[in-house]
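Contents: one structure, followed by commentary.
Just so we're on the same page: letters track the sequence lines, and every chain starts at 1. In what follows, every heavy atom counts, from backbone to side chain, and hydrogens, waters and symmetry copies are set aside.
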Number of protein chains: 2
Amino acid sequence: MVAQISPQSADASAEPALGLTDEQVNRVFRALADATRRDIVRRTLTAEASISELAADYDMSFAAVQKHVSVLEAADLVARTPKGRERIICGNPETIRRVQELLGHFEQIWRSRIDRLDAFLSERPE
Amino acid sequence: MVAQISPQSADASAEPALGLTDEQVNRVFRALADATRRDIVRRTLTAEASISELAADYDMSFAAVQKHVSVLEAADLVARTPKGRERIICGNPETIRRVQELLGHFEQIWRSRIDRLDAFLSERPE
DNA sequence: TTAAAGTACAACCAAATGGTTGCACAAATC
DNA sequence: GATTTGTGCAACCATTTGGTTGTACTTTAA
């Protein structure tokens, strides 16, 4: 067994991928793995809202929603800006775009495999 | 506080989104929130491999890798097919594509907001 | 100036996660 | 037939997660 520090693609140590740290990518996917949090992202992408406005629509405590927002903020999927006594939450489309792009790379990896297979097959017509 | 059964977009109960259940989406994002698992997806998207082949490259027990594969399989990011005494793992590009598409919807939501804002601004030139 | 609204944060808890070891079993090899 | 190889699975453990309640602080409103 080869002890492998970084389980990432074998090229480099801590790869930036698309400017996103390995840990950042973890945080983003983790944050998106919850329906309430996805809903918050959707809502705050459409129109900014305060935490209590958000909390009013979910069947859980204010503190719980507050925690969800914190998770989203840590993942940079959402920004929290003070405005008087409330905190305005608004979604960050840039992070969404980056993750989408990252998944695009996966598809590309797969596609290149198919291309290699095609090339191999066309080399030997029968 | 309005008790809300589904925290999803307010339109329907259990929305199919892109054919993916809410729980399925949870599973997929959760599965992708781990560098080792992302690496396994990449590898098996490039070329299929047995579990022990995979396990040889990570600094953890066979059972741990086995568990990671199970998580990926439950998320339909990977398929496990028996072949003799070994299980061949290969990545599923279709699920990747679906999640990518789902994120595309998020971007679209944001874009439509900007469009509405633009329309609003052009209505009142000053 | 008091009260209410909005937030922050700590303490606590049950359940899930991510790892381990150990054992059982089927398939390939000697 | 005996052994090794590849797998599945259970039991266990530490840590994280996702929720709760309670308390305190700041800003707005009465």
Side-chain angles (χ1 to χ4, degrees), chain A residues 1 3-7 22-41 43-44 48-75 77-90, chain B residues 1 3-7 22-41 43-44 48-75 77-90:
Chain A
M1 183 205 287
Q4 192 165 302
I5 283 68
S6 165
D22 227 48
E23 259 313 304
Q24 261 293 342
V25 177
N26 288 356
R27 264 182 246 126
V28 176
F29 279 125
R30 191 102 201 40
L32 288 174
D34 179 284
T36 301
R37 286 196 291 258
R38 284 195 299 275
D39 195 58
I40 291 177
V41 171
R43 285 190 54 178
T44 57
E48 58 187 28
S50 72
I51 303 184
S52 48
E53 278 172 351
L54 291 173
D57 288 340
Y58 304 105
D59 194 15
M60 65 184 73
S61 71
F62 173 83
V65 175
Q66 211 175 11
K67 279 194 185 182
H68 281 307
V69 170
S70 291
V71 171
L72 290 171
E73 194 187 17
L77 279 163
V78 130
R80 179 196 322 228
T81 34
K83 185 175 188 178
R85 79 178 141 182
E86 43 186 45
R87 300 294 179 273
I88 300 303
I89 312 299
C90 56
Chain B
M1 186 205 283
Q4 193 167 300
I5 284 68
S6 165
D22 227 49
E23 259 314 304
Q24 262 292 343
V25 177
N26 288 356
R27 263 180 248 125
V28 176
F29 279 125
R30 190 97 201 43
L32 289 173
D34 181 283
T36 302
R37 287 197 292 256
R38 284 194 299 275
D39 196 57
I40 291 177
V41 171
R43 285 190 54 178
T44 57
E48 59 187 29
S50 72
I51 304 186
S52 47
E53 279 172 351
L54 291 173
D57 288 341
Y58 304 104
D59 192 16
M60 65 184 74
S61 70
F62 173 82
V65 175
Q66 210 176 10
K67 279 193 184 183
H68 281 307
V69 170
S70 291
V71 170
L72 290 170
E73 194 185 18
L77 279 163
V78 130
R80 179 195 324 227
T81 34
K83 185 173 188 177
R85 78 179 140 182
E86 44 185 48
R87 300 296 178 273
I88 300 304
I89 312 298
C90 56

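Close to C:dT17, at under 4.0 Å from its OP1 or OP2, lies no side-chain N or O of B:His68. Applying the 4.0 Å criterion to OP1 and OP2 of D:dG8, one finds that B:Gln66 has a side-chain N or O inside that range. In this structure, A:Arg30 does not reach the C:dT17 phosphate: none of its side-chain N or O atoms is under 4.0 Å from OP1 or OP2.
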Using the side chain to side chain contact (heavy atoms under 4.5 Å, CB included) rule, take B:Val78 and B:Arg37 through it: C-alpha gap first, then chi angles, then the decisive distance, then the call.
-> CA-CA 10 Å; B:Val78 130; B:Arg37 287 197 292 256; over 6 Å; no

Residues A:Asn26, B:Arg38; criterion side chain to side chain contact (heavy atoms under 4.5 Å, CB included); working and verdict = CA-CA 10 Å; A:Asn26 288 356; B:Arg38 284 194 299 275; 2.8 Å; yes

Audit row: B:Arg43, B:Asp57, side chain to side chain contact (heavy atoms under 4.5 Å, CB included) steps and yes/no | CA-CA 11 Å; B:Arg43 285 190 54 178; B:Asp57 288 341; 2.6 Å; yes

Let me see the working for B:Arg80 and B:Ser70 under side chain to side chain contact (heavy atoms under 4.5 Å, CB included), right down to the final yes or no.
-> CA-CA 9 Å; B:Arg80 179 195 324 227; B:Ser70 291; 3.2 Å; yes

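Checking C:dT7, C:dT20, D:dG8 against the side-chain heavy atoms of A:Ser52 singles out C:dT7 as nearest. With D:dG18, C:dT20, C:dA8 as the candidates, the nucleotide lying closest to the side chain of A:Arg87 is C:dA8. The nucleotide whose nearest atom lies closest to any side-chain atom of A:Lys67 is, among C:dT20, D:dG19, C:dT7, D:dG19. For B:Arg37, taking side-chain heavy atoms from C-beta onward, the closest of the listed nucleotides C:dG18, C:dG19, D:dC9 is C:dG18.
Residue-to-nucleotide proximity on DNA chain D shows that, of B:Arg80 and A:Val65, the 5′-proximal contact is made by B:Arg80.
Applying the side-chain contact (heavy atoms from CB on, under 4.5 Å) test to B:Gln24 and every residue at least two apart in sequence or in another chain returns B:Leu20, B:Thr21, B:Arg27, B:Val28.
We find that CD of A:Glu53 is positioned 12 Å from C1' of C:dA5, with the value rounded to whole Å. One can place CG of A:Asp34 at 18 Å from P of C:dA15, the figure rounded to the nearest angstrom. Atoms CG (A:Leu54) and C1' (C:dA8) sit 16 Å apart, rounded to a whole Å. D:dT17 atom P lies 11 Å from atom CG of A:Asn26, rounded to whole Å. A straight line from CG of B:Asp59 to P of C:dG19 spans 11 Å, rounded to a whole angstrom. In this structure, CD of B:Glu73 is placed 13 Å from C1' of D:dT7, rounded to the nearest angstrom.
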Base-contact (B) and sugar-phosphate-only (S) positions in nucleotides 21-30 of chain C, heavy-atom cut-off under 4.0 Å, - elsewhere = B-----BS--

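Looking only at side-chain heavy atoms (C-beta outward), A:Leu54 and A:His68 stay at 4.5 Å or farther from each other. In this structure the side chain of B:Met60 reaches within 4.5 angstrom of the side chain of B:Thr36, judged on heavy atoms.
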